[in-house]
Amino acid sequence: MNKATASKVIVTGGCGYIGSHTVIELQQSGFDVIVVDDLSNSSAETIDRSVQITGKSPVFVNLDLKDEKACYSFFKEHQEASGVIHFAAHKAVGESVQKPLMYYQNNFFSLINCLSAMHELEMNNFIFSSSATVYGTPETLPITESEQTQRPFSPYGNTKKVAEEILEDFIDSTDKFAAISLRYFNPIGAHDSGLIGELPSGIPNNLMPYITQTAAGVREKLMIFGNDYPTKDGTPIRDYIHVVDLAKAHVVAIQRLLDKKKKKNYEIFNLGTGIGYSVMDVIQTFEEVSGQKLNYEITDRRPGDVPFLFASTDLAKEKLGWVAEKNLSEMISSSWEWERNFRNKNK
Ligand code: UFG
């Protein structure tokens, strides 16, 4: 795709963890990118860093998509964009249990405002950032996209499940609009450049940033939430996926929507590697790649955790021609590299 024919893509939440990696992959695939982000849980510095990596500057708009009028004006100004990738959402499971209304308000209003503006302006290609949380406690493994969704344990998870339903109802009401929901398993890792990565605000909820922050001396020790699950070593199994692999899947998904021969009204794809690793596997691999012993302790199970969760990746392979390429060591060493770079810079 050369400059003259480059397609424009709007990325909501493009300064966040997965959004920022996707902006880079889009730019490197020839797209022009318009980032909209309210910076409530991210920093505009990621834009400067993506410029360092790609040499291309995305358009950046600081805006809260919950503001219906502002959202509409933003879309009107950029209505030539050929597609929208919607990441903007709150995402902390624990916080969502404490503040459910804030989660429902933020995640639904921003989604509905984007869809309304797009509908009005006849912008018709939409990628939705969903989560494997919509499967709840799955009946069969690996999980295929046809597995029945269940009410997730957390309000955050429920925003993803209901958002998919809102999207489906909207699509059923129009013949032009097309969307793909991408259900992420457990994204970890960071860009090879070491310039962008995950930066959770406050105490991390997720395993990987907790491990790297513990090893960096920011946290005292990792608490392992239970070792009495019916798994090989008693700790839960998850499908960890490198964030750059995940980002690449978004590029392929938007390309699919832009290809009239391939696009469908609505499709759903799992994004995972299809391989399950336990918490102990992750710790062991971290110790191998970092050459450092991790301080950890076993504690009680965390409510809502399921013993096993890993994806069937067949559909993404067949329809998107996408497979995750990076292995667990590569994921973990890039997370560690990012954490060390970040701590060194902020000493
Ligand atoms: N874990 C610990 N200690 C920690 C953090 C996590 O032992 O401090 C364990 C958890 O019990 C779990 C595993 O590490 O067994 C992975 O936990 P994460 O919190 O990293 O990830 P989850 O699988 O719980 O959650 C992820 C996403 C959510 C999404 C969910 C869908 O982070 O956004 O998958 O299943 F909703």
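Numbering of ligands and ligand atoms starts at 1, following listing order.
W338 is not listed as a side-chain neighbour of H191, based on a closest heavy-atom distance of 4.5 Å or more.
Contact annotation: for N206 versus ligand 1, heavy atoms closer than 4.0 Å belong to both the backbone and the side chain. If you look at Y156 next to ligand 1, the close heavy atoms, those under 4.0 Å, all belong to the side chain. Using a 4.0 Å cut-off between heavy atoms, L222 contacts ligand 1 through its side chain alone, with no backbone atom that close. Counting heavy atoms under 4.0 Å from ligand 1, residue M223 touches it through the backbone alone. Residue V282 does not touch ligand 1, judged by heavy-atom distances below 4.0 Å. No part of V306 comes within 4.0 Å of ligand 1, judged by heavy-atom distances.
Salt-bridge formation is detected for the pair E165/K161: a Lys NZ or Arg NE/NH1/NH2 atom is positioned less than 4.0 Å from an Asp or Glu carboxylate oxygen.
Near N205, meaning under 4.0 Å from any of its heavy atoms, are these atoms of ligand 1: 5 (C), 19 (O).
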(request) Applying ring pair (Phe, Tyr, Trp, His ring centres under 6.0 Å), run through H250 and Y184 and close with a yes or a no. (result) CA-CA 11 Å; H250 291 76; Y184 313 150; 5.4 Å; yes
(request) Show your reasoning for whether salt bridge (charged side-chain N to carboxylate O under 4.0 Å, His left out) applies to K160 and E164. (result) CA-CA 6 Å; K160 293 296 178 189; E164 283 193 6; over 6 Å; no
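Residue contacts with ligand 1: S131 is included, with a non-hydrogen atom under 4.0 Å away. For Y184, the closest heavy-atom approach to ligand 1 does not fall below 4.0 Å. The shortest heavy-atom distance from Y240 to ligand 1 is under 4.0 Å.
For E80, the salt bridge (Lys or Arg N to Asp or Glu O under 4.0 Å) criterion is met by K8, not counting sequence neighbours.
If you look at H119 and F177, their ring centroids are not closer than 6.0 Å.
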